[in-house]
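Quick notes on the structure that follows.
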Amino acid sequence: MVEITSPPRRGPGRLTTWLKTPWAVAAGLIGAVALLDPAQLVAVVRFATAALAGTAPYILFAVLLLAWLKATGAEVLVARAFEGRETRMILLAALFGGLAPFCSCEVIPFIAGLLALGAPLSAVMAFWLSSPLIDPPTLLITAGALGWPFAIGKAVAAVGLGLFGGFVVRALSAGGALSDPLRNAKTRGCGCGAPKTTAPQWRFWTEPERTRVFRAEFLSNGVFLLKWMTLAYVIEALLVTYVPAQVIAGLVGGEGVVPIATAALVGMPAYLNSYVAPPLLAGLMEQGMTAGAAMAFMVAGAVSSIPAMAAVWSLVKPRVFALYLGLGLTGAVIAGLLFQTL
């Protein structure tokens, strides 16, 4: 008797995989314009191309810097922020959160190890709140899309939010409200990054393994940023072309708390990472969004980005996770108000 076996199942094909990428979404949006409104096709493509070309030097420098940080093993400097007195730890954790060269999966075992070793939740929260908001690539991309005043304001907001969250958690912890915050879950790293050492190796090119890490990080981060920025600028072009300015101005324009709070509430579920948000906000600000509302939108969206929330949810209990989101939303509104005032 001949046994008939079914062919082995294959994973998704290359075409299916490509259709899920930002490249495909950007191409689909441009294709929709070509099909539905061909008269605007040249204007949309020209706007997106010019915007991407203007940001390209920032992207290149950001990719080089991030690859250098990873190859040298600079994360050991971040770990030192969690040593010493609690107040000092909160201050340094909020500051180094914006310098951390971790990928979204690598931060999970890093934080898990710190908590397991007894690092206070206040310092960890300060790091968690500031880390999604700013890092060297994000700073440069924000500057390229929105200007240096906005980029510097966002960096200050990141550190300020970290300090705000850290000291609030410290006060709550003193009353016993946040005892036993960890889930009983095992975590592991994703294997990315340079060989771990006790001190950074600034002359990374003297070690073949670190040189390999530099090349790999440069290529992977370069492709990652290029595809997301392309999509972001295509969407910005569509916003400027098709969304009436009065609609944006009616929602998040004008002075006062309401537009800023509205922007924070809209930004939190938007799940935009810090690379996509600046170009989109540039388009919204051209349509009437205020600077304070844009800052609130960006801060809230970064805190609630999927990698940031996944890192927190995977390690701590729901009440700590809810506190993380509450601090992020409150801090976003405060940052927007202060930025609008200044």
Side-chain angles (χ1 to χ4, degrees), residues 9-60 62-63 66 103-105 132 137-138 140-142 144-146 218-249 251-252 263 265-289 294 297-298 300-302 304-310:
R9 291 184 178 181
R10 296 182 179 180
R14 291 185 178 180
L15 179 60
T16 303
T17 302
W18 183 81
L19 289 174
K20 299 177 181 179
T21 65
W23 298 120
V25 178
L29 291 173
I30 292 175
V33 174
L35 181 64
L36 302 174
D37 191 8
Q40 294 293 338
L41 177 62
V42 173
V44 169
V45 172
R46 183 180 296 158
F47 183 100
T49 302
L52 184 62
T55 313
Y58 295 92
I59 296 176
L60 177 61
V63 170
L66 191 58
C103 58
S104 59
C105 59
T138 301
L140 294 170
I141 289 171
T142 303
L146 297 169
F218 177 81
L219 291 174
S220 63
N221 286 303
V223 172
F224 174 84
L225 288 177
L226 183 60
K227 67 184 180 183
W228 281 108
M229 296 303 292
T230 299
L231 174 60
Y233 282 123
V234 169
I235 296 176
E236 181 189 358
L238 296 178
L239 280 173
V240 172
T241 303
Y242 293 109
V243 178
Q246 57 267 29
V247 173
I248 303 300
L251 289 173
V252 288
L265 289 171
V266 173
M268 181 154 273
Y271 301 123
L272 296 176
N273 65 43
S274 295
Y275 305 115
V276 177
L280 297 185
L281 286 173
L284 291 172
M285 290 177 72
E286 289 181 15
Q287 301 293 86
M289 189 181 208
F297 182 98
M298 183 175 288
S304 66
S305 69
I306 291 176
M309 290 201 302

Determine the minimum heavy-atom distance between Pro279 and Ala145, stating which atoms define it.
N-CB, 4.0 Å
Between Val44 and Leu29, is any pair of side-chain heavy atoms under 4.5 Å apart?
no
CG/Leu52 to CG/Leu231 distance, rounded to the nearest 0.5 angstrom?
11.5 Å
If you look at every heavy atom in Met289 and Ala263, which pair is closest and at what distance?
CE-CB, 4.1 Å
Hey, are the side chains of Leu60 and Phe218 touching, using non-hydrogen atoms and a 4.5 Å cut-off?
yes
Close side-chain approach of Trp23 and Leu226, heavy atoms under 4.5 Å:
yes
Shortest non-hydrogen contact from Thr230 to Ala26?
CG2-CB, 4.4 Å
Report the distance from atom CD1 of Ile30 to atom CG of Leu238, rounding to the nearest 0.5 Å.
8.0 Å
Are any of the side-chain heavy atoms of Leu281 and Met298 separated by less than 4.5 Å?
yes
Heavy-atom closest pair, residues Tyr233 and Phe47:
O-CD2, 4.4 Å
